Amino acid sequence: MKLFGYQLPAMSSLILWEIVGQLEFTFFLPPLSAKFVTLIEISTTSVFLQALAVTRYAFFVGTFSAIVIGIPVGILMGKSRLLDELLLPWVNMFLSAPLTALVPVLMVLFGFGMKSIIITTTLFAIWIIVLNSRAGVMQINRSLIEMARSFGASPKDAFFKIYLWAAPPEILGGVRIGFIRAVNGVIIGQLLISIVGFGALFELYSSNFLMKHFWAVLIVLFAIAFTIAEFLAHLERRVDYYAARR
Amino acid sequence: MNDNINDIDNAVTVRNVYKNYGEVEALRDLLLDFPRGQLTSLLGPSGCGKTTLLKIIAGLLPANSSEILVNNQPLTGPGPDRAFVFQDFALLPWANVLRNVAFGLKLLGVARSEREAIAETYIGNVGLQGFEKRYPHELSGGMRQRVGLARALSVDAEVLLLDEPFSAVDEQTRRKFQEDLLHLANNENKTFIFVTHSIEEAVYVSDQVALLLARPSRVSEIIRPEGFRHKDAGSIRRDPEYLDIVVRIWASLRTYVE
């Protein structure tokens with residue numbers, strides 16, 4: 001954006017936030033600088049570090065399961081017509097369903113702890129990974145499959161030596177969106193269950209009107225989510241580089 | 001059919017092949033022999049089922065009914081006695097030339113060092129020395145097909161199945177390929193089954209040209225260009241018999257071409 005002929009740096013709208021915050025219109029919007037000060041303050045406290053650790057654990061276990069289950073299921077759906085017709089309606093339904101509404105059910109089934117949060121995270125991430133892996137398999141050049149078969153490849157060979165190699169650009173795209181959705185999942189899970197991790201912190205800060213603290217935690221989460229998404233997008237571009245030439 | 005049919009050594013014999021695609025009858029009662037060590041072309045108008053027949057022989061496509069013998073054994077599916085060269089090359093885009101050429105051997109369970117040594121040899125034979133570490137997208141169409149050819153040769157199958165292998169390369173490269181194929185057919189003791197839609201190409205390289213006519217197709221004529229087979233690559237195209245056969249085949253085919 002240009003203002004009076006000057007190129008404004010990215011995110012310069014944050015300056016506006018700072019000004020509004022300094023004017024003290026509302027307690028809800030403390031100045032940006034104050035948030036960063038608070039951020040540095042609380043980032044060394046054990047409560048924060050513990051919340052971070054708990055969230056990180058839930059996030060990685062959740063996304064890991066989503067990837068490990070989602071990619072093979074998606075590939076198998078792309079290969080088998082029967083499996084595809086059986087599962088596709090469900091995958092599409094869960095992809096668009098408001099999963100937040102399922103969290104209370106999960107709490108009943110799996111208790112109020114880590115298990116429910118991990119499962120929520122997985123549920124948020126897995127469907128798009130399945131769908132993209134399926135799409136990745138379906139666009140594979142048929143003659144590569146024929147080639148492998150003509151050299152005596154078993155279905156298992158074809159799976160490990162062709163499918164798993166040929167579909168990565170689409171699969172990686174699915175994983176990236178899956179990660180972004182997993183960030184939602186892990187936070188929503190924690191908020192609803194609200195006795196562990198950042199969910200507990202949010203609950204604590206907002207019920208005590210500690211807005212600076214509240215925003216500081218939020219900034220951390222935004223930054224983490226953004227970094228993960230950018231990293232995966234970078235990886236995806238690298239893979240696309242060769243994929244464009246296939 | 002005479003009684004001493006079994007005296008002739010055929011690498012592949014094809015009898016009673018029927019193939020339908022839904023309502024469409026692609027092949028009907030097809031009968032054809034492929035003598036061992038010779039190059040047989042399948043020639044015909046587009047859509048006549050040449051590639052269908054080739055893929056049935058490769059074991060990639062099931063026929064509705066068929067009696068096919070490969071080395072006197074009934075055909076059951078793809079096997080190491082046949083190797084396929086694809087029209088669109090079918091190279092792995094994520095693997096370099098060496099890995100692509102060695103891929104067939106890898107599927108046969110040959111150990112890495114051994115299969116790479118064999119692959120190296122055939123990469124040299126097809127004239128791609130120095131390109132082992134290149135990726136398919138870095139090669140020209142002609143070079144890619146050389147990789148496909150090296151991959152098929154490296155598994156040392158007795159029967160090579162070539163599905164319009166030169167149709168995706170430019171004319172000059174194609175001529176070079178035809179000469180190379182002729183050379184290969186003379187030097188390697190292999191049976192070649194070669195699908196093409198080019199009359200000149202079929203007559204130029206073949207010991208036997210099987211003419212397939214439009215759907216439902218069967219072999220309408222078998223032509224054996226014998227007079228110029230011993231001549232060198234350069235003078236075949238000027239040979240009167242070569243020219244006569246080309247004209248004769250065109251006369252048979254022209255009614256099927258819109």
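Treat the numbers as computed from the prediction; the structure is a model and nothing was measured. In what follows, every chain begins at residue 1, and chains take the letters A, B, ... in the order their sequences are listed.
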By a 4.5 Å heavy-atom criterion (distance strictly below it), what part of [X] contacts chain A: side chain, backbone, both, or neither?
X      : answer
B:R82  : backbone
B:F103 : side chain
B:L91  : backbone

| field | Test log, rule side chain to side chain contact (heavy atoms under 4.5 Å, CB included), inputs B:F84 and A:E146 | value | CA-CA 9 Å; B:F84 206 103; A:E146 278 194 334; over 6 Å; no
For [X], does the [atom1] atom have more than 12 heavy-atom neighbours from other residues, nucleotides or ligands under 6.0 Å away?
X      : atom1 : answer
A:K115 : NZ    : no
A:F231 : CZ    : no
B:Y18  : OH    : yes
A:F64  : CZ    : no
B:N187 : CG    : yes

Tell me the closest heavy-atom pair linking [X] and [Y], and the distance in Å.
X      : Y      : answer
A:F151 : B:A152 : CZ-CA, 4.2 Å
B:L107 : A:A148 : CD1-O, 3.6 Å
A:W165 : B:R99  : CH2-NH2, 3.9 Å

| said: Within this structure, what is the CE-CG distance for the pair A:M147 and B:D88, rounded to the nearest 0.5 Å? | reply: 10.0 Å
| Nearest 0.5 Å, what's the NZ-NZ distance between A:K161 and B:K106? | 5.5 Å
| task | Please list, in residue-number order, every residue in residues 164-172 of chain B that has a heavy atom less than 4.5 Å from any heavy atom of chain A; write 'none' if there are none. | result | none
| task | State which residues pass side-chain contact (heavy atoms from CB on, under 4.5 Å) with A:L106; sequence neighbours excluded, sorted by chain then number. | result | A:F110, A:I119, A:T120, A:L123
| task | Can you tell which part of A:I162 gets under 4.5 Å to a heavy atom of chain B, answering side chain, backbone, both or neither? | result | both
| said: Given A:S150, which partner from the list B:V85, B:L60, B:L161 fulfils the side chain to side chain contact (heavy atoms under 4.5 Å, CB included) test? | reply: B:L60
| task | Against chain A, work out which of B:A157, B:P80, B:G79, B:P78 has the most heavy-atom pairs shorter than 4.5 Å and name it. | result | B:P78
